[in-house]
Every structure is written in structure tokens, then in C-alpha cells.
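Here the structure comes first, spelled out in C-alpha cells, and everything after it is commentary.
Residue numbers start from 1 in every chain, and the chains themselves are labelled A, B, ... in the order their sequence lines are given, proteins ahead of strands. Predicted model, so just to flag it, every value in this text is computed and none were measured.
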Amino acid sequence: MKIAVCIKRVPDTETRIKIGGDGKAIDEAGVKFVLNPYDEYAVEEALKLKEKAGSGEVAAIALGSDAAQETIRTALAMGADRGVLLKSATPSLDPLVTARALAAELEGGGFDLILFGKLAIDDYNQAVGTMVAELLGLPSVSAVSHLELADGKGTAEREVEGGVEVVEFTLPAVLTADKGLNEPRYPALKGIMAAKKKPLEVKPVAADPGGVAVLELSLPPARKEGRIVGEGPGAVPALIDALRNEAKVL
Amino acid sequence: MGAILAVLEQRAGKVRRVSLEVLTAARKLADATGTGVDAVLIGASGGGDLGTFGADRVFTVGDDRLALYQGAAYAAIVVERMKSGGYSTVVLGATTLGRDLAPRIAARLAVPLLADVTAMDHQDGLVVSRPVYSGKALYRLKVTAPACVISVRPNVFTPVESRKAGTVTAITAPTDADDPRQRTVRIKEPERAALDVSEAAVVVSGGRGLRDPASFKMLEELAAAFGNAAVGASRAVVDAGWRPHGEQVGQTGKTVSPSLYIAVGISGAIQHLAGMRTAKVIVAINKDKDAPIFKIADYGILGDLFEIVPKLTEEIKRIRAS
Ligand SMILES: Cc1cc2nc3c(=O)[nH]c(=O)nc-3n(C[C@H](O)[C@H](O)[C@H](O)COP(=O)(O)OP(=O)(O)OC[C@H]3O[C@@H](n4cnc5c(N)ncnc54)[C@H](O)[C@@H]3O)c2cc1C
Ligand SMILES: Nc1ncnc2c1ncn2[C@@H]1O[C@H](COP(=O)(O)O)[C@@H](O)[C@H]1O
């Protein structure tokens, strides 16, 4: 089974976000970067499927700066076989631009399955995987939290408001991984050592701003200073009063 | 700017509230730029009363095969409408359906997607705001392309009725709309037909402070007292198996923007805040005065949730009865 996983280097959620000097991007100084958490589910699923099939290949592909090599090494340490860095100094804010670059790399690769995370926790677009599927003309299911594959066919489940959609599809296909799909493994020391020797190809990608320009990146307006209305059940009337007369939500 | 096409959703023959928000947002933008708003509603029946929420014309596609969301077919219908109607902008809700459909449409039309938008206006071009980095920062982006797809975050744009009652026209799906390689075959309903956290006007969420799954009964009672509330949960209790994943609020769960969010026994970890910080009013009930949730809450009650929640439920019931 030949599987591609697209992965992104993103700031760890714990990091404090500071706005850079130009007011259009974050200040990366001191920011810890990690493999996007949803992409961990995608990598894990790829490894599990390859292990189950008994043979095959898992390729990890990232678009980003040189620093994303570290992210690819993380996927290699988990067990992916090879990595590709599509090197781009300034990735676009238009998800279609990212999708096009990834689709160009994936096209003709002979993959049975192409996996993505449901969403990147930096840009919150939740778009790139589904766009790649459309660009490649492949069936796709997004936000998959349960998957079964057999004989070139699959059944995927995705949570929707008030239920779970069950989607049947044929391979090759594109899936984006949601929490619940699996429990991602931690890279073992052996894996980390092995990852250093695995192939990682670097290919430059031409910069393309896409159809979106950044006017400003700012911190969200601070919430109005809150207050503790009181202690214990005796404070409930004060809370009700505030909700009714001040906040006017009751 | 050209006219706007709003994509609406229905469930069990009823237009979803988020679609009224989509129409309101689209109408506001159209009024600002002197253009019109048409809407498309896809589903088993053509129906749904939405004439007075600002659409000039509503196109309905009623087809039993489209009762469940079929990504490829829905995208084909919207794209066909876009092309034949000369629209410049598609607006839909950033729901689970919209999050799947929007990128399909954008890729097929080769136009940018602005996802999960919380504000939009026209200033020498379309300008939108969207939260990023788990809600810790906000982008203002300008669309430089001649057309685009926008999904708007649910519960952000308050539905406003307008006097306009749109005309309704039934249309059919393009013949090659369906993709035989994939099919949504059914929806597994949850055991309880509960309101989804991402749609509810009031969310009552519980965390590890509730101590055991049985205590969530207390929160269900509080939610029931409100009438329009859903129960949410922190990841800690979802991972522990106390609550289903569909109720999880946060970075790896759902993003909610209700008018009232009540966090009960939740510490307020950054990943939890990522999912609820855009709620209009936040209430925290926690026994630890240093819990980070109090930093973001508008109102807090310090103390034992097991004593406070029943009293709150009682008071809400009393108000609603009067
Ligand atoms: C990659 C990643 C993604 C994550 N995604 C999410 C996510 O989507 N959503 C999410 O919620 N978390 C997420 N987390 C987990 C998050 O970091 C926290 O661990 C989690 O939110 C804590 O849940 P909690 O507040 O219920 O529990 P705790 O942090 O244990 O807090 C329990 C609170 O209950 C209070 N309490 C206890 N007893 C009482 C009582 N009797 N009366 C009143 N108060 C009481 C305590 O004072 C405490 O503040 C994620 C973590 C990571 C690393
Ligand atoms: N720069 C990138 N390189 C590789 N994969 C990416 C990149 N950006 C997004 N993806 C993939 O697309 C998914 C969804 O991202 P997004 O649409 O940006 O939320 C991510 O979880 C990744 O799997």
C-alpha cells in the first residue's frame, strides 16, 4: 500500500503569540514548533495501514521553510519511509496555493491513499486536503474519525452536528484525519536514530501570494475584565442579575 | 463586486439557523456594495421558509438522492449555479457541511477560500476577519481575486429579518453531478437527539471537576432548564470516556460561539479556550480562584459546583416559568 501524508509545521498551542514588527505575521522568536496535532493522526493511520498491508511505502510531504525538515524528521521517526520538503519561504494565506503545490507533487505518484490532518491549528482553514482531492479529481472524505478499508474500498465515519455520517468510497482517495481515528505513537529512540538516515528530498516551490493579501494580524480585542460575583450557591442570584441586567443574555 | 450566492442548509426539511445567519451576512455585504443575494437550498425536499431573511431569489434543488450531504454532487450544483448566474462570491456556514463543501467549490472555481470568517465588509474590495492560532490572533485579509468563497462561523452573525420576500424557483442538479466513487450512505443518530454544541445559543460545559460521568446529569438538567442549551465537555472528560467526542469543545474539538457559555469544573487550559473564547458571555464555576478560566470569564462563582449548579438550575427554571 502506497500512502502519502501531508504534514505541516505549526506553533505549539501552548506558545504565547506575539505579533511581528510588520504587523502581518507572528514573531517566531522563541516559538516552539510542532507537527500539527491532526497530522499526527494522519501519520499514525498511514503507518497502521502499511503495517496491516504488510508492505508498501509511507511518504511524508510538507510545504514550508527549511525548518519544516525537522517536522518531516518527526514523521520519519514515527515510521514514515521518506520525506519531501516543498521549500517555500513565504507560504500563502490562500489555502488553494498550498493545495496546488501539494497536488503537483502528489500527481502521478501512484498513491492508493493520500492523508491529511483535518485542520492546521495555525491557520484553521480546514481546506487543503479537500482542495487537493478536487485538484487531483479524487474522491475525498474530510474529518474522518473512524476508517475501514478492504479490497480497494473504504467506509469512513465523520461527526456532523447531531450525528455521524457514514461515507463509502473507492481507492485511490483522499482522507483528512480527525481526533478519534487512532492514538498516535511517540517516536522511539530507535526510530529517531533511523530517521536521520532516511531520504529527505528538498524541492523549491515558486512563491505565489494567491488571491488573498494580509492587511493586519492582531491580537484579538481583550475581553472586558470579568469579575467573580461571589462565593458558593449564595452567589447565584447575583449571577442571574448580572446575566439579565448587565449582559442581557437571559 | 458581483452578486452573492448564499448556500443554505436544511435538516429534516427545516432550514437551519446558521443559514439565516449566512443570509444576513450576505445581505449586509450586498447592501454595502449595491448588489443582490440569491440563495441555493439543496436537499430531499425543496421546502423551507426563508423568504424574509434577505434573499432576492431562492433556488431549490429537491432530490431524494441529495437528502444526505453528498460532497461532489452538492459542489457540482453550486458551481453550476455560480457559473450560470454570474456571481462573484459564495457564502456558506462553517459547519461540518460547509467545511467540506467550501474547499470543493473554491478548488473547482479556482478562487480563494476565506474560512471561518467572523466579520466582513467592503473597503475598496472585500475585507474579512478570521481568528487564527487557536483564537489567539486575528487576521484581517483582503481578497485580491475577482471572486471567492467565504464560510462564516456559526453564531457570530445574528439573523435579521428583512422585508424582502424572495421568489422561489425549483431547479435540478446537473446530470453529471454525482460522483459514483463516493456516497454518504447514512447518518447514525446519537442515542439522545440532543442539540449540537456548535449550534446552541447556550452551552453548559463540564470538566474533570465533575468527578464522575454520572454528575453530568446535573449539567443536563441545567441545559434542559435553559431550553435552548447543549451540554459540552472538556477534552479531559472526553478522553476519560465520560462524554462523547461530539461534545468536546476546544482545539481538537468544536469551536463554539454561543451567546452564553458556562464552564463548570473546567480549568481553562489554552486548548479549551481555543474553542470557546469567542462566546459572547462566559461564566465560570470553579473552586480554585486561580483557575485560568476566571481570566477569560465575564462572571465567575467561586465554590463547589455540586452546591452551585443545582441552585442555578432552580433559578433558571424559576425565571423561565415566570
Ligand atoms: C494537542 C492538544 C489538544 C487539546 N485539545 C483540547 C480540546 O480540544 N479541548 C479541551 O478541553 N482540552 C484540550 N486539551 C487538553 C487541555 O490541555 C486540558 O488538559 C483539559 O482541557 C483539561 O480539562 P479540565 O479543565 O476538565 O480538567 P482540569 O484541568 O483537571 O480542571 C478541572 C477543574 O475543575 C475544578 N474543580 C474540581 N472540583 C471542583 C468542584 N467540586 N467544584 C468546582 N470546581 C472544581 C478544578 O479547580 C479545576 O480547575 C488538549 C491538549 C493538547 C496537548
Ligand atoms: N504547508 C503544508 N504542507 C503540508 N501539508 C499541509 C500544509 N498546509 C496544510 N497541510 C495539510 O492540510 C491539512 C489542513 O490544513 P489547513 O487547510 O491549512 O487547515 C493539514 O492538517 C495538513 O495535513
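Interface remark: B/Ala72 contributes no atoms to any contact with chain A (heavy atom separation under 4.5 Å). Contact annotation for B/Leu141: both backbone and side-chain heavy atoms come within less than 4.5 Å of a heavy atom of chain A. Looking at A/Ser92, neither its backbone nor its side chain comes within 4.5 Å of chain B, counting heavy atoms on both sides. Of the atoms belonging to B/Ser129, not a single heavy atom falls under 4.5 Å from chain A. Using a 4.5 Å cut-off between heavy atoms, B/Val202 does not touch chain A at all. Contacts between B/Lys280 and chain A at a heavy-atom distance below 4.5 Å involve the backbone alone (N, CA, C, O). Only the side chain of B/Val283 has a heavy atom closer than 4.5 Å to any heavy atom of chain A. Looking at A/Ile121, the atoms closer than 4.5 Å to chain B (heavy atoms on both sides) sit in the backbone and in the side chain alike. Neither the backbone nor the side chain of B/Pro146 comes within less than 4.5 Å of any heavy atom of chain A. Interface remark: B/Ala200 contributes no atoms to any contact with chain A (heavy atom separation under 4.5 Å).
The closest donor-acceptor contact from the side chain of B/Arg99 to the backbone of A/Asn125 lies under 3.5 Å. The closest donor-acceptor contact from the side chain of B/Lys311 to the backbone of A/Pro237 lies at 3.5 Å or more, if one exists at all. Here the side chain of A/Arg223 pairs a donor or acceptor atom with the backbone of B/Arg277 at under 3.5 angstrom. No donor-acceptor pair under 3.5 Å is formed between the side chain of B/Glu307 and the backbone N or O of A/Pro233. Formation of a donor-acceptor pair under 3.5 Å by the A/Arg158 side chain with backbone atoms of B/Thr96 is found in this model. B/Arg140 contributes no side-chain N or O that, together with a main-chain N or O of A/Ser218, makes up a donor-acceptor pair within less than 3.5 Å. In this structure, the side chain of B/Arg11 engages the main chain of A/Glu161 through a donor-acceptor pair within 3.5 Å.
Using a 4.0 Å cut-off between charged nitrogen and carboxylate oxygen, A/Glu168 and B/Arg183 do not count as a salt-bridge pair. Here B/Asp298 does not pair with A/Lys224 in a salt bridge; the nearest charged N to carboxylate O distance is not below 4.0 Å. A salt bridge links B/Asp239 with A/Lys179; the closest basic N to acidic carboxylate O contact falls under 4.0 Å.
More than 12 heavy atoms of other residues, nucleotides or ligands shown are found within 6.0 angstrom of CG on A/Asn245. By the 6.0 Å contact criterion, CD on B/Gln123 is enclosed, its count of non-hydrogen atoms from other residues, nucleotides or ligands being greater than 12.
Taking each heavy atom of B/Thr252 and A/Tyr38 in turn, the nearest pair found is CA-OH, 2.9 Å. Here the shortest heavy-atom pairing between A/Leu250 and B/Ile319 reads CD1-CD1, 4.2 Å.
The closest side-chain donor-acceptor pair between A/Thr170 and B/Gln182, if any, does not fall under 3.5 angstrom.
Of the listed residues (B/Pro310, B/Ala107, B/Ala201, B/Gly303), the greatest number of heavy-atom pairs within a distance under 4.5 Å of chain A belongs to B/Ala107. Between chain A and the options B/Tyr133, B/Phe226, B/Phe294, heavy-atom pairs under 4.5 Å are most frequent for B/Tyr133.
Side-chain atoms of A/Thr155 and B/Val185, non-hydrogen and from C-beta on, never get closer than 4.5 Å to each other. Side-chain contact between B/Leu312 and A/Leu239 is present, with heavy atoms from C-beta onward closer than 4.5 Å.
For the atom pair CG of A/Leu217 and CG of B/Leu138, the computed distance is 8.0 Å after rounding to the nearest 0.5 Å.
Test B/Asp100, B/Thr184, B/Leu68 against A/Glu165 for side-chain contact (heavy atoms from CB on, under 4.5 Å) and you get one pass: B/Thr184.
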